[in-house]
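Order of the sequence lines fixes the chain letters, A, B, ..., with proteins taken first and strands second; residue numbering starts at 1 for each chain. Only heavy atoms go into these numbers, but all of them, side chains included; no hydrogens, no water, no symmetry mates.
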2 protein chains.
Amino acid sequence: MAEANRRATSREVADAAGVSQATVSNVLNRPDVVAPETRERVTRAMESLNFVVNRSARELRMGSSEACGVIVLDIANPFWAQVTSGIESVTGPLERAVLLASSGESTVKERQLLHQLEAAGLLGLLVAPTGEHLDELWRIQARGTGVVLIDHDDATGRLPAVALDHVAGARLATNHLIAQGHRRIAMVNGSIQNHWCRDRRAGYEQVCRSAGITPLEVAVDGMTVASGFDCVSHLLAIDGLTAVFCVNDMVALGVLKGLSERGVGVPEEISVIGYDDSEFSAMLSPALTTVRQSAFAIGAAAARVLFNIESVESANRSLEAPVLVDRQSVVPARY
Amino acid sequence: MAEANRRATSREVADAAGVSQATVSNVLNRPDVVAPETRERVTRAMESLNFVVNRSARELRMGSSEACGVIVLDIANPFWAQVTSGIESVTGPLERAVLLASSGESTVKERQLLHQLEAAGLLGLLVAPTGEHLDELWRIQARGTGVVLIDHDDATGRLPAVALDHVAGARLATNHLIAQGHRRIAMVNGSIQNHWCRDRRAGYEQVCRSAGITPLEVAVDGMTVASGFDCVSHLLAIDGLTAVFCVNDMVALGVLKGLSERGVGVPEEISVIGYDDSEFSAMLSPALTTVRQSAFAIGAAAARVLFNIESVESANRSLEAPVLVDRQSVVPARY
DNA sequence: GTGAAAGCGCTAACAT
DNA sequence: ATGTTAGCGCTTTCAC
């Protein structure tokens, strides 16, 4: 049985190849500096011993790792799954590992994860913060771990941030509704702890007010299909309602379902607009009118910023402005 | 400026607290063994220095890490996002980090990732293999890193595997179609490189044959909405087709879309059945009839096996059998 | 209950 | 071109 039950060390490779450990290290890290013949011999030794470098040792020695940590708000949400894909699209080719974690929008879980990830000694962290308390992130940055905010700004400008313009997106959605003649428009919104929700509400309110109509907000707990479904009774209690703006497509899905179960026709009786343009949205019936923003692009941009491939400014500029995807769930109001 | 630009070491904490490094280590790992008063002093020093242990050093010393690596086939697919959630549901409370990577169903990418993850010196790996070549995984296991297969069996029994019964699920779907009187049933399937696709096809074919009807397979490249959409022309070329079994809900979504764009009514003209019961499936119109299997449960089960919380046998037993979710996209065939 | 010392596997000066 | 050596920050006997 040639197979050891333990990983081979560079020391063993060196012995097997009849060279010093330093040469093995050179073969690994600066192959050009070692004689082709020696290199060949060392490489063969590595293969026959199934050598694989011990990353902990390397990192300890070098003082840092190449990998990055990612904290998203909810991995089960398609938006974040897309963001993750975007991040991987840049880390993959760079052969950089990604340590992914999901805070589930819980601030305490976020703190735990931050602590764990910092202890992992990573090159940097990409984080979608759960709240406004950026101080822990500032501290991590000060201690030497790069931090890039995903879809959340740092008002103090200490942390680089790659963010989508939610205010603009919400304005787009609300304007569309108003342009179709709607005046009684509700917004189904998540917790305003969440800056998305805050920003989207801000956009919604701005447009409402300048059109002289009263904003009507219905809050839900999580931004999930279930919460959308559950809030339908509140929606139906609103007098004269003709349109609803949902904070995202998942919620819109729930609202659609709740409305249809109660026999309320969409879009004939009530128009519904979502946000995100999730993969399923075009396929709903009625196909969901929504606002598209590029989740994939924001993930990739944040990773590029962390790895110094691109400046924050340029990364943010590269993010497309939100666009309205006009489908079937919004029609002109009938009075 | 008290804030150092460098992480504090246990040595520094020791000096600040006027104790030895060993005591700091004890406070960290065996708090009970150190005098309460000393412990208190050390803890304060840690806080004031913002100490956080260097995981690389700890792991180097201990010879292994607590974290685990995960390789899924495609993180952007809701099924895998759910599996990931399941894994996190067990690693989270255990404070174990998860290193997530996605192979994108590419075998070469898989090899790269395996290499990277092994080099990270993790406690174990949870992997959904892209193909049948398990030899690299066997080697990793032999070298001392735990490996648990997600949704893929190891015929040799060397690797513990947590797997769903795709053959049974496909039988369920096909039987349902036949019970509704369908005889010309196509299956839209992904690459048979993928064992899911193979298993689901096997179930489909078994049932077809024993009912004396000819299996009709249409292959697509990836298991995505786009591939489903693209194969509709092939589907429509099949003479007398009345039903289609899609390898998953994403593909079904694409097929639904393609069919509706061509004015083919579902379910009046063609019945469609999916697989996975993705979150959006109930909300489609028609609501998608599909097969449910618990992606979340399989992730959690695999993690429990890796961490020795549960035996493979018990974990597999705990996985629910696939169930048919009868909705609107399948109706009796009309002749 | 606490400290001194050794060493995990690797890389990087420096010497040859 | 290759070898020697030191040491990254931590845990862990083994003394005291």
Side-chain angles (χ1 to χ4, degrees), chain A residues 4-43 45-46 49-67 118-123 143-145, chain B residues 4 6-43 45-46 49-67 116 118-123 143-145:
Chain A
N5 190 23
R6 198 181 40 80
R7 289 162 59 182
T9 70
S10 64
R11 188 63 229 267
E12 289 161 356
V13 173
D15 289 348
V19 298
S20 81
Q21 216 183 348
T23 301
V24 176
S25 176
N26 280 334
V27 170
L28 247 28
N29 305 298
R30 285 178 304 288
D32 40 299
V33 94
V34 27
E37 187 216 327
T38 321
R39 198 194 312 152
E40 172 65 12
R41 203 147 30 91
V42 172
T43 308
M46 286 182 174
L49 290 172
N50 270 320
F51 173 77
V52 22
V53 322
N54 180 318
R55 206 177 271 252
S56 304
R58 163 180 283 175
E59 287 174 359
L60 173 57
R61 179 60 229 235
M62 310 228 291
S64 84
S65 110
E66 295 278 76
E118 181 174 17
L122 306 162
L123 180 147
R143 269 178 240 132
T145 300
Chain B
R6 198 181 41 79
R7 288 162 61 181
T9 70
S10 64
R11 187 63 228 270
E12 289 162 356
V13 172
D15 290 348
V19 296
S20 81
Q21 216 183 348
T23 301
V24 175
S25 175
N26 280 334
V27 169
L28 247 28
N29 306 297
R30 285 179 305 288
D32 39 301
V33 95
V34 26
E37 186 215 327
T38 322
R39 197 195 311 152
E40 172 65 11
R41 203 147 30 91
V42 172
T43 308
M46 286 182 175
L49 290 172
N50 270 321
F51 173 78
V52 22
V53 323
N54 179 319
R55 207 176 271 253
S56 304
R58 162 181 281 174
E59 287 175 359
L60 173 58
R61 179 60 229 237
M62 310 229 291
S64 86
S65 111
E66 295 278 76
Q116 278 189 236
E118 181 174 17
L122 306 162
L123 179 147
R143 270 177 240 132
T145 300

Separation of [X] atom [atom1] from [N] atom [atom2], in whole Å?
X	N	atom1	atom2	result
L60(A)	dA12(C)	CG	P	13 Å
E12(B)	dC10(D)	CD	P	9 Å
R55(B)	dC8(C)	CZ	C1'	17 Å
N29(B)	dT2(C)	CG	P	16 Å
N26(B)	dG3(C)	CG	P	10 Å
L49(A)	dG9(C)	CG	P	14 Å
R30(A)	dT11(C)	CZ	C1'	8 Å
D15(B)	dG9(D)	CG	P	13 Å

Contact under 4.0 Å: [X] side-chain N or O vs [N] OP1/OP2:
X	N	result
S10(B)	dG9(D)	no
R11(A)	dG9(C)	no
S25(A)	dT11(C)	yes
N54(A)	dC10(C)	no
T23(A)	dT2(D)	no

For this session: Select from P36(B) and A22(A) the residue whose nearest nucleotide in DNA chain C is closer to the 5' end of that strand.
Result: P36(B)

Report which part of the nucleic acid [X] touches: base, sugar-phosphate, or nothing (heavy-atom distance under 4.0 Å, all strands).
X	result
Q21(A)	base
A35(A)	sugar-phosphate
V24(B)	nothing
T38(B)	sugar-phosphate

Pairwise distance [atom1]([X]) to [atom2]([Y]) - rounded to 0.5 angstrom:
X	Y	atom1	atom2	result
D32(A)	R39(A)	CG	CZ	7.5 Å
T9(B)	L49(B)	OG1	CG	9.0 Å
S20(A)	N26(A)	OG	CG	8.0 Å
R30(A)	S25(A)	CZ	OG	6.0 Å

For this session: Let me know which of T23(A), T43(A), V27(A) forms a side chain to side chain contact (heavy atoms under 4.5 Å, CB included) with T38(A).
Result: T23(A)

Could you please name the option among [options] that lies closest to any side-chain atom of [X]?
X	options	answer
M62(A)	dG9(C), dT11(C), dT2(D)	dT11(C)
F51(A)	dA4(C), dC10(D), dC10(C)	dC10(C)
A57(A)	dT11(C), dG3(C), dG9(C)	dG9(C)
S20(B)	dG7(C), dG3(C), dT11(C)	dG3(C)

Problem set entry | Evaluation steps, side-chain contact (heavy atoms from CB on, under 4.5 Å), between N54(A) and E59(B) | CA-CA 10 Å; N54(A) 180 318; E59(B) 287 175 359; over 6 Å; no

